**Student:** 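Pasting a structure below so you can have a look.
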Amino acid sequence: MAAARRLKRVAAKQPGFLTLNAALNPSDLVSSRRKRVNKNKKKNWNKHSEINDVDDFLEDVRHQERTTGGLLSEKSDESLFFVDTGQPQKPKQKAAEPDAGKKRKGKATRPLRIDLILQHDSLVPPPKDVLAYQQPNAKKLRRIAQKAEQLAAKGVVPRRQRLLLNRRPVDRTVKKAKTEANNNPDRDYYDIWGQEVKNSADPWYLQQTGKKVYKRPETMKEKPSVLPAVEVIAPGGSYNPDFFSHQALLQEAHEVEVKRVKEESKIGKQLAVNKEDTATEETILREQVEGLEEEEKDEEEEAPNEDEEEVAVAGIAVAEKKTEKQRKKEKAEKIKEQQRLAGKQQTAQQQQLFQLRSIKASIKQQEQKTGAKQTERKAKQEAQKALPRRLGKLKFQAPDLEVQLSDELPGSLRQLKPEGSVLKDRFKSLQKRNIIEPRERAKFKRRHKLKYVEKRAFREIT
């Protein structure tokens, strides 16, 4: 169809060609005027524009690119023409080989028809895939490469390359020592837990693989407290204790209870209200009247005081100005005072030469005091190791002593009743040994207030 239309257009352009409409309208043959069309509007561009010659030219260019790979006008003569020298002579057939009968007759290298149809026959190269050439972070990598080139020009070696150069070279010539057989009864005894294995691997490899053993601080090996994990109770806490040991334990518990009662009474006294500080009707009236008489006296004294202040201010303003003679005199006195202090200091330094023995004795005495303070400080630190430290906002509170009265002691082990809690005892032991900080049980706090609503059924009954 497209070829037929193209032939019609070409025939219509030939001189003397008449269309069917021309025969029906003979008036058009006499005068063929060009229709005036406003081409400022976009809808008339394609409708009233002749672009057939442009389409034919572009189609011809595309056809040349598909068949020859480019325009024929740009091709060289050697690629377009060749010299015909006749039919080439076929080479003589060689003698029949022994295996020639086994070969298949015909053209074995001829491709199939289906492969020829699917083969790409256009000589136009495929369009360039822009996404295939894109690289993530290309701008950043290019900037890093430029910076590396600048550093290399200055002679600066990057850190990664410097670490690679500082790696310890592996000695390939050293042979590994042969291990003795396990069935040798005369071999030396080797304790695998007795000595530490030396790490002879490459430090760079250990660092990159995360197997490098880092040096731990010395404080990790120190215990936070010198107290034992499990403290043995006093002999008086046994189920059948001795009389004196039981009385000693009771005395200790009594002293703890007395101390607690004293602290509670002390807090009560501090919070108690003093009767002398309570307000009476007389003190209330005195506070209300206070200040009225003083205001009247202040008003009477204000008038004469204002005149005196004006005179004092005028006298101060006059006294601030000094003459040149007074300034010179003050300057000379200041220089004289500085000279006197310098001479006094020099005399004191000279007198110290005669006090070397006493100074030496005072230094020795001071060193003895310092040594005594250091010894006392160390003893205090050693004593504090057995005490719980302040690790949090709460102080450690020692648990109550588990003690039974004389009439509560069981007669045998079968009548013994368990007291206390093992879990609480371990928890307090961790706090006492400075492993965890003292804590309090978390109090339950409701997030939203409760809202009481009467149901309809209950409301109808009431």
Side-chain angles (χ1 to χ4, degrees), residues 58 61-62 64-79 118-182 188 190-225 370 374 377-378 381 384-385 389-393 430 433-437 439:
L58 294 177
V61 170
R62 286 192 289 268
Q64 293 180 23
E65 289 179 350
R66 286 195 304 270
T67 54
T68 62
L71 297 176
L72 294 175
S73 60
E74 297 177 358
K75 296 286 184 180
S76 60
D77 295 341
E78 289 79 5
S79 62
L118 297 176
Q119 189 176 2
H120 184 71
D121 57 350
S122 177
L123 298 179
V124 180
K128 184 178 179 181
D129 188 6
V130 181
L131 298 177
Y133 292 91
Q134 288 184 354
Q135 187 179 6
N137 297 330
K139 189 175 181 181
K140 181 180 178 181
L141 296 175
R142 186 166 60 253
R143 195 185 304 116
I144 293 172
Q146 291 176 359
K147 188 175 181 180
E149 291 178 359
Q150 293 176 1
L151 293 175
K154 295 179 181 179
V156 180
V157 183
R159 180 177 178 272
R160 183 177 292 274
Q161 188 176 358
R162 187 170 64 254
L163 292 175
L164 288 172
L165 293 174
N166 293 336
R167 289 181 61 183
R168 183 178 58 187
V170 181
D171 192 2
R172 303 289 182 181
T173 59
V174 179
K175 296 182 178 180
K176 296 183 179 179
K178 293 183 179 180
T179 56
E180 296 182 5
N182 293 333
D188 295 336
Y190 177 74
D191 185 10
I192 60 176
W193 310 110
Q195 58 185 356
E196 296 181 358
V197 180
K198 293 184 178 179
N199 195 357
S200 58
D202 188 5
W204 172 266
Y205 170 77
L206 295 175
Q207 183 181 1
Q208 297 299 321
T209 55
K211 297 180 180 180
K212 185 178 180 180
V213 180
Y214 294 94
K215 185 179 179 181
R216 264 58 176 177
E218 297 295 335
T219 53
M220 290 184 65
K221 301 178 182 178
E222 297 180 2
K223 291 185 176 181
S225 178
T370 306
Q374 290 178 354
R377 192 182 299 112
K378 288 182 180 179
Q381 290 176 357
Q384 286 180 351
K385 288 183 179 179
R389 296 197 296 267
R390 185 71 175 268
L391 301 179
K393 62 179 181 179
L430 293 174
R433 288 182 289 144
N434 302 321
I435 297 176
I436 60 174
E437 71 278 4
R439 305 173 185 177

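Only heavy atoms go into these numbers, but all of them, side chains included; no hydrogens, no water, no symmetry mates. As the structure is a prediction and not an experimental result, all values here were calculated from the model.
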**Student:** How close do Met220 and Arg216 get, counting heavy atoms only, and between which atoms?
**Tutor:** SD-CG, 3.4 Å
**Student:** What pairs with Arg439 under salt bridge (Lys or Arg N to Asp or Glu O under 4.0 Å), at least two apart in sequence or on another chain?
**Tutor:** Glu437
**Student:** Ignoring hydrogens and angles, write down the donor-acceptor pairs under 3.5 Å from the side chains of residues 129-155, residues two or more places apart or on other chains.
**Tutor:**
{"unit_1": "Asp129", "atom_1": "OD1", "unit_2": "Leu131", "atom_2": "N", "d": "3.3"}

**Student:** List the atom of Val157, the atom of Leu165, and the distance in Å for their closest heavy-atom pair.
**Tutor:** CG1-CD1, 4.4 Å
**Student:** Does Gly69 offer a backbone N or O that forms a donor-acceptor pair with the side chain of Arg66 under 3.5 Å?
**Tutor:** no
**Student:** Using atom types as modelled and distance alone, determine if a side-chain donor or acceptor of Asn434 lies under 3.5 Å from a backbone N or O of Arg389.
**Tutor:** yes
**Student:** Once rounded to the nearest 0.5 Å, what's the spacing between atom CD1 of Ile435 and atom NZ of Lys223?
**Tutor:** 9.5 Å
**Student:** Which atoms form the tightest heavy-atom contact between Val61 and Leu71, and what is the distance?
**Tutor:** CG1-CD2, 3.7 Å
**Student:** At what distance, to the nearest 0.5 angstrom, does CD of Gln161 lie from CG of Leu164?
**Tutor:** 7.5 Å
**Student:** Looking at Thr68 and Lys75, what are the two nearest heavy atoms and their distance?
**Tutor:** O-NZ, 3.0 Å
